[in-house]
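Chain letters run A, B, ... following the sequence lines, proteins first and then strands; every chain starts at 1. Here the structure is a predicted model, which means the values were calculated and not measured.
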Amino acid sequence: MFAMLHEKADEVLRTQFPGNTIAIQWTVPKESSFGDASLSLPLQLASLLKKKPREIAQVFVDALKTFPGVEKVEIAGAGYVNVWLTTEALLQELGESESAQSPTKLNKNEKPVIVDYSQPNIAKPLGVHHILSTVLGQALCNLHRHAGIPVVGWNYMGDWGTQFGKLAVAWEKWGDKKKSIETYTLDELLELYVRFHAEAEADAALDDAGRAAFRKLEQGDKELRAFWKGVVTVTKASLGDIYERLHVKFDTDIGESFYEDKMVPILDEGKKKGVFTEGKEGALIVEFPEESKLPPYLVQKGDGATLYATRDLAQIRYRIDTYQPQSILYVVDVAQQLYFQQLFATAQKLGWELPEIEHVVFGRMRFAESKMSTRKGTVLKLEHVLDEAVERAEAVIHEHRETIQTDDAAALAEMMGVGALVYGILSQNRKMDIVFDWDKMLSFDGNSAPYLQYTYARARSVLRKAGKETSTPSFPKAIAALTQSERVLIRMLLQFPGVLEDARESRMPHLLATYLFGLCQDFNAFYNVDPILLAEGSTKELRIALTAFSSNVLKTGAEILTLRVPEKM
RNA sequence: GCCCCCGUAGCUCAGUGGAUAGAGCAGCGGGUUUCUAACCCGUUGGCCGUAGGUUCAAUUCCUACCGGGGGUACCA
């Protein structure tokens, strides 16, 4: 229907006002008194043609008023064309949009999108701030998969670097040798790491020992390799539990260590091509043209050691060669924006044929009081925040013990608590900084995960009572007239496929979160005003179908955002 | 110094060329013989940081400035 409206308007534009290249853009008006679809094109045309906007609008009105499925067309305001659709057309359109509720079949011919996210450091527990990249990245993976696009979800582990040398030294000095390294907890490892930094402040020799140990590890020292492997094993096991709670899944967790033997060829290539040149103190750098305003980019230290930058170049090469991706998305915070500009510019200078490559930036998590530091051990652990969230959810559930319907309060608390935290992050524009505040992060009412979950449970409850729990929504052929709240809800439901597309293409999951919240508001308003089970005939049929449709959209949308919704609560 | 992001209601945030700038929280007033009141309805509250410019139309685009955050070669 909308596609046909678009064509018709385009036809009018081409035949009545030839020679104009303005794009037709139908919008869904905010106010329902402006119709189901609106066109502001006459205003643009008017200034180009030096004619009155309302006269131009009239041409569109005349052409559209007899169009099938159109109930009413009006000129409004300065020269808008507002179109109302017939009930039949709206319901038909709704039926056609239903496919957005289930994932599109995987298109195997399409090249994959690599999403690089989470990026934890080995030997350290996840801090709260890690949740940003983790859930944003997962939501982006889900959005693409839902559209049938192949995805490689990539957890790029920080499993290499000087910190292992330091940890090895700390373990050697203060560790409990009776315990094998695999039986250490992350907390115990962190303790060693923190102690190392505390003591290194007074004893500079420790740092040297740490660097020396890492060099030995790089050279393949057997004992250190075993230690390193043990630490990696311990960390992965511990991370796995948290990822499961967050409903986050990766396709690969190839980390930094994987690229150890893949950097020399890159360095050689860069030198041969004259892209890498000698900088201060024997370092290898990339210089960019004056007008780019990019400062030099360091790819090898003066002492010959490699850096994160070196590994990232090797990684781009590897990803292109192995996956031939259509795009690579780096879900990394804004502090590394310049770094990624330099990285991408360097890959270009090397003359590589690059896929679309984008730094999906997000703001930093700040703390009202003080900055976090892993080295000082002042990090707020993600696990702790999740537990606190679930505890708060339990308290809320307890408050509602008189009316609660759930069969599994523990599962509900987990769903609500974790959901509240995740929703708080995904409902905000990712570019904004987030100031960590317990009450703000763990909101349970208003625009929050529990509100979505409650709305879903309510809808499901109605469907259970109607005996329509499992059937797919079926809309009646004809309905006399729609109530105001039915119409508002239908218009909202119609927007779901477009929202998924916008959220995916702009890599902005909050568009989906905002939409779902709006849908809940419209559904709850409908639920409050229009009786569903007590209605009769085709009205009842319609309302049950709308309830089923809404609940399906809610569940689909929520799960793309990694949330879970309960059947009862 | 230079570069990037942010500045919208008391607070936290949506909206980013179009009609009267929205929501949540907080405040005030209502709604339960109806399918879950974890809800809904109404209401109070805005020089959209400041000043110019572009446009038929600017919170949205451009320029400058002010305020906050981040970055700016041997960390990742």
Side-chain angles (χ1 to χ4, degrees), chain A residues 25 27 29-31 33-34 38 40 43-48 50 53 76-80 82 119 121 158 160-163 256 279-287 292-303 305-309 311-312 332-339 341-342 361 363-364 366 396-397 399-400 403-405 416 424 427-429 431-435 437 439-440 443-448 450-451 453-455 457-466 510-511 513-514 517-518 520-521 523-535 543-544 547 568-569:
Chain A
Q25 203 155 14
T27 55
K30 288 177 224 164
E31 294 281 329
S33 61
F34 294 150
S38 181
S40 64
L43 292 167
Q44 292 168 267
L45 273 177
S47 67
L48 285 174
K50 308 277 182 233
Y80 297 91
N82 292 341
Q119 305 117 347
N121 280 317
W160 205 241
T162 317
Q163 75 259 28
E256 289 184 70
K280 290 174 195 161
E281 293 163 32
L284 217 49
I285 61 166
V286 180
E287 283 183 295
S292 74
K293 298 206 169 171
L294 290 175
Y297 185 55
L298 191 68
V299 293
Q300 190 178 29
K301 297 193 216 174
D303 65 3
T306 58
L307 301 106
Y308 188 72
R311 284 184 279 280
D312 259 355
V332 179
D333 83 42
V334 63
Q336 292 191 46
Q337 200 163 30
L338 173 61
Y339 168 79
Q341 283 170 7
Q342 293 172 315
V361 197
R364 314 223 320 168
R366 301 207 318 273
V396 174
I397 288 169
E399 279 172 34
H400 291 273
T403 54
I404 199 149
Q405 299 184 4
M416 286 171 65
S427 61
Q428 187 174 320
N429 182 330
K431 289 181 182 170
M432 305 279 278
D433 282 352
I434 294 182
V435 177
D437 173 274
D439 294 330
K440 193 200 142 200
S443 166
F444 287 87
D445 34 33
N447 188 1
S448 68
Y451 176 72
Q453 290 161 334
Y454 178 67
T455 306
R458 260 181 153 185
R460 293 296 294 166
S461 172
V462 171
L463 295 173
R464 262 195 307 278
K465 287 184 175 155
H510 84 286
L511 296 177
T514 304
F517 175 59
C520 286
Q521 287 183 308
F523 177 79
N524 281 320
F526 157 75
Y527 177 97
N528 241 266
V529 174
D530 296 329
I532 301 163
L533 297 174
L534 294 180
R543 291 181 183 168
I544 286 175
T547 304
K568 298 177 183 174
M569 84 182 256

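- At the phosphate of B:rC3, OP1 or OP2 sits under 4.0 Å from a side-chain N or O atom of A:Lys293.
- A 4.5 Å side-chain heavy-atom check between A:Arg458 and A:Ser461 finds every atom pair outside the cut-off.
- Heavy atoms of A:Glu256 sit under 4.0 angstrom from primed sugar atoms or phosphate atoms, though from no base atom.
- Looking at the side chain of A:Leu533, the nearest of the listed nucleotides B:rA19, B:rC35, B:rC41 is B:rC35.
- Using a 4.0 Å heavy-atom distance criterion, A:Ser38 is classed as a base contact.
- Closest to the A:Tyr451 side chain, of the nucleotides B:rC40, B:rG24, B:rG15, is B:rC40.
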Practice task
Start with the C-alpha distance between A:Val462 and A:Arg543, add both sets of side-chain angles, then the distance that settles side-chain contact (heavy atoms from CB on, under 4.5 Å), and finish with yes or no.
Solution key: CA-CA 10 Å; A:Val462 171; A:Arg543 291 181 183 168; over 6 Å; no
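- Nucleotide B:rG42 forms a pair with B:rC28, judged by Watson-Crick or G-U wobble geometry with both contacts under 3.5 Å.
- At a threshold of 4.0 angstrom between heavy atoms, the contacts of A:Thr514 are confined to the sugar-phosphate backbone, with no base atom among them.
- Residue A:Leu511 is classed as a sugar-phosphate contact, given heavy-atom separations below 4.0 Å to backbone atoms only.
- Here A:Gln44 does not reach the OP1 or OP2 of B:rG17: none of its side-chain N or O atoms lies under 4.0 Å away.
- In terms of position on RNA chain B, the residue among A:Val462 and A:Leu284 whose nearest nucleotide sits closer to the 5' end is A:Val462.
- Annotation: A:Gln336, atom CD; neighbour count of heavy atoms from other residues, nucleotides and ligands within 6.0 Å is above 12.
- Considering only side-chain atoms of A:Leu338, the nucleotide from B:rG71, B:rA23, B:rU36 that sits closest is B:rG71.
- Closest to the side chain of A:Gln521, from the set B:rG24, B:rU36, B:rG15, is B:rG24.
- Look at B:rA21: it lacks any Watson-Crick or wobble partner with both distances under 3.5 angstrom.
- Each of B:rU34, B:rG71, B:rA38 was ranked by its minimum atom distance to the side chain of A:Leu534; first place goes to B:rU34.
- Within the 4.0 angstrom heavy-atom criterion, base atoms lie near A:Ile285.
- The residue A:Arg311 sits close only to the backbone: its heavy atoms come under 4.0 Å of sugar-phosphate atoms, none of a base.
- Within a 6.0 Å sphere centred on NZ of A:Lys440, heavy atoms belonging to other residues, nucleotides or ligands number more than 12.
- Across all strands, A:Ala46 comes closer than 4.0 Å to no nucleic acid atom at all (heavy-atom distances).
- Taking a pair to require two hydrogen-bonding distances under 3.5 Å in either a Watson-Crick or a G-U wobble arrangement, B:rU72 pairs with B:rG1.
- Across all strands, A:Leu294 comes closer than 4.0 Å to no nucleic acid atom at all (heavy-atom distances).
- Counting non-hydrogen atoms under 4.0 angstrom, A:Gln336 reaches a base of the nucleic acid.
- The side chain of A:Phe34 sits closest to B:rA19 out of B:rU36, B:rG24, B:rA19.
- The separation of B:rU16 from B:rG7, taken at their P atoms, amounts to 13 Å, rounded to a whole angstrom.
- Within 4.0 Å of A:Gly158, counting heavy atoms only, lies no atom of the nucleic acid at all.
- When distances run from any side-chain atom of A:Tyr527 to the nucleotides B:rA14, B:rC35, B:rC56, the shortest one goes to B:rC35.
- At the phosphate of B:rA38, OP1 or OP2 sits under 4.0 Å from a side-chain N or O atom of A:Tyr454.
- Base engagement by A:Asn82 is indicated by at least one non-hydrogen atom pair under 4.0 Å involving a base atom.
- Pair check for B:rC65 finds B:rG49; Watson-Crick or G-U wobble, both atom distances under 3.5 Å.
- Among the atoms of the strands shown, none is found under 4.0 Å from any heavy atom of A:Asp439.
- Nearest nucleotide to the side chain of A:Lys440, out of B:rU12, B:rU20, B:rG70: B:rU12.
- When the side-chain nitrogen and oxygen atoms of A:His510 are compared with OP1 and OP2 of B:rG15, one or more of them lie within a distance under 4.0 Å.
- Of the listed nucleotides (B:rA38, B:rG70, B:rG24), B:rG70 has the atom at the smallest distance from the side chain of A:Ala335.
- Across all strands shown, B:rU55 forms no Watson-Crick or G-U wobble pair with both distances under 3.5 Å.
- The residue A:Phe444 sits apart from the nucleic acid: no heavy atom pair falls under 4.0 Å.
- Contacts of A:Asn528 with the nucleic acid, taken as non-hydrogen atoms under 4.0 Å apart, include base atoms.
- For A:Lys465 and B:rU36, the shortest distance from a side-chain N or O to OP1 or OP2 is below 4.0 Å.
- When the nucleotides B:rA37, B:rC13, B:rC56 are ranked by their closest atom to the side chain of A:Arg458, B:rA37 comes out on top.
- Between A:Ser40 and A:Gln25, every side-chain heavy-atom pair lies at or beyond the 4.5 Å cut-off.
- Sequence order on RNA chain B of the closest nucleotides to A:Gln337 and A:Val334 puts A:Gln337 first from the 5' end.
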